[in-house]
Protein chains: 2
Amino acid sequence: MDAETTPRRRLSRAEAKARTRKLLLEAAAQIFARKGFAGASVEEIAETAGFSIGALYSNFANKEELFLELYSAFNQDRIAAAAEVLAEYEKGTEDGVNAMGRILVDADTDSDFALLLGEFWLYAARNPRVYDTMAARLREPRAALERLTGNALAELKAPPEATPQAVAAVIAALFDGLLRQRRLNPGLVSADLFGHAVRWLFAGIDATGARTPVKTARRSKKAN
Amino acid sequence: MDAETTPRRRLSRAEAKARTRKLLLEAAAQIFARKGFAGASVEEIAETAGFSIGALYSNFANKEELFLELYSAFNQDRIAAAAEVLAEYEKGTEDGVNAMGRILVDADTDSDFALLLGEFWLYAARNPRVYDTMAARLREPRAALERLTGNALAELKAPPEATPQAVAAVIAALFDGLLRQRRLNPGLVSADLFGHAVRWLFAGIDATGARTPVKTARRSKKAN
DNA sequence: GTCTATATCAAGATAGAC
DNA sequence: GTCTATCTTGATATAGAC
């Protein structure tokens, strides 16, 4: 959260503005999560941050830009989390499944996370104008996940349909779907169900591949 | 009222009202899906249905009631679909996985389905006032799914953590998560990935259970 | 750079005509 | 039972003061 605020020295103009911007983004996260894009008012966001409407419009062109900037910041965090997991995994420090499990728990702890995720998804699905911009932000964390699954698949007998992309999609779906169910009804989704599911998944892929060991047979022109 | 039966052409008062109601609900599904609850206007819904605002308010108390009635109708369809799958499965006519796969494809064909699902989820998560009502509507289809997974699990060696409830949650998560990814980027999620994922899941559960065949061993005091 | 005041508009809901 | 007209509110965005 907030780290270095030098209470002694006066903040420079640029520092003050950056601080205002940060506070506005934090307030926006809270209000957009609770009310949604259309339901949230810029006035409430500004007041929650401790500023006026004017301050908000001096930092963001309009409501949509604020929302999209929040989306960028939101994804920066996801990228950081994914990178951390990937690093731990590649160092061999931690099992990949455990690391992914920690991401889910972290996301679950932040009660706004699932709400914001849902709101961003709807916004992207409804607004083709900004869809490309938003989709581009997802490529980096998704690539990290595919790398992780690719590594895991290399260690077992996977059938040809179990590509890193396909398995990454399945894991992302599990993450998303379990997080959402847990948000509404924690009793239905225990904290370690995600971990179990991922292990079942890989065990099943391995078992399926072992049953059809033709997998390295054919290689027409290019692997994909 | 005047129960005049005119089987020829003219609709009775009640029939006309029922027809208006149905058209309004269909329009509401479209507009709520495209704009969301807060973003949709009752005027646009009424006009899309071919009526005026007054007609809408004569059929529904307010915007929220219209939304919740739509949710009920939406779930009636889901219950019907689930029941159909369950019936086919229990008759032995169709493999359970194939049947579930068909549900996903059907949902994917209706471009409004995922949007509405997302909107309903957000509304339930944000409005504790109506959460119980909405959650109650989910119990029936969820129970059907648990019954389906319970039957499937009975035919293989499942570890103790693979309860019908837990596995049903995983399958629901796969359904939800894959549907949402496919909605934004169909290239990432092939039409049969859901089927593959479910098969991998059950194969993995079976393999895991076979590896730890102590499953009926110990029962200290209370199952959890 | 932020605040106050305000122009402008769209939306939910109601009342009374037909 | 549905329509037209209207009341009322609350929101985005801007302009000018400090």
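Computed over heavy atoms, backbone and side chain alike; hydrogens, waters and symmetry mates excluded. Throughout, a chain's letter reflects where its sequence line sits, starting with A, and its residues are numbered from 1.
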Touch class at under 4.0 angstrom, heavy-atom based, for A:Ala40 against every strand present
sugar-phosphate

Between B:Leu66 (CG) and C:dA11 (P), how many Å, whole number?
16 Å

Euclidean distance, atom CZ of residue B:Arg19 to atom P of D:dG1 [Å, nearest integer]
15 Å

Atom pair distance, as rounded to whole Å: CZ in B:Phe67 and C1' in C:dG12
16 Å

If you check the A:Ile53 side chain, which of C:dT14, C:dG1, D:dT14 turns out closest?
D:dT14

Between D:dA13, C:dC3, C:dG1, which nucleotide gets closest to the side-chain atoms of A:Lys17?
C:dG1

With the side chain of B:Lys63 defined as its heavy atoms from C-beta on, choose the nearest nucleotide among C:dA13, C:dT4, D:dT12.
C:dA13

Contact class for A:Ala46 vs. all strands (heavy atom < 4.0 Å): base, sugar-phosphate, or nothing?
nothing

Proximal nucleotide (of D:dT12, C:dT2, D:dC3) relative to the A:Asn59 side chain:
C:dT2

Just the rounded figure in Å: distance from C1' of C:dT2 to CD1 of A:Ile45.
17 Å

Taking the side chain of A:Thr20 as heavy atoms from C-beta outward, which of C:dT2, C:dG12, D:dT14 is closest to it?
C:dT2

Given side chains that start at C-beta, do those of A:Asn59 and A:Leu66 come closer than 4.5 Å, heavy atoms only?
no

Does A:Arg78 reach the side chain of A:Glu140, with side-chain heavy atoms less than 4.5 Å apart?
no

Min side-chain heavy-atom separation B:Leu11-B:Lys17 under 4.5 Å:
no

Shortest side-chain distance from B:Arg13, nucleotide among D:dG1, D:dT12, D:dA13
D:dG1

Can B:Arg139 and B:Glu146 be counted as an ion pair, charged N to O under 4.0 angstrom?
no

5'-most by nearest nucleotide on DNA chain D - A:Gly54 or B:Ala55:
B:Ala55

Between B:Glu47 (CD) and D:dT2 (P), how many Å, whole number?
16 Å

Answer yes or no: is there a side-chain heavy-atom contact under 4.5 Å between A:Phe32 and A:Ile45?
yes

In the structure I gave you, are the side-chain heavy atoms of A:Glu44 and A:Arg34 within less than 4.5 Å of one another anywhere?
no

Mind calculating the distance between OH (B:Tyr57) and C1' (D:dC7) to the nearest angstrom?
13 Å

Rounding to a whole Å, what distance do you find between A:Leu56:CG and D:dT14:C1'?
13 Å

From D:dT2, C:dG1, C:dA11, pick the nucleotide closest to the side chain of B:Ser58?
D:dT2

Among D:dT12, D:dT2, C:dA11, which nucleotide has an atom closest to any side-chain atom of B:Ser41?
C:dA11

From C-beta outward on B:Glu43, which listed nucleotide comes closest to its side chain: D:dT12, D:dA13, C:dA11?
C:dA11

Would you indicate what A:Phe51 reaches in the nucleic acid, counting non-hydrogen atoms under 4.0 angstrom: base, sugar-phosphate, or nothing?
sugar-phosphate

Rounded off to whole Å, could you give me the CD-to-P distance for the B:Glu65 and C:dG12 pair?
15 Å

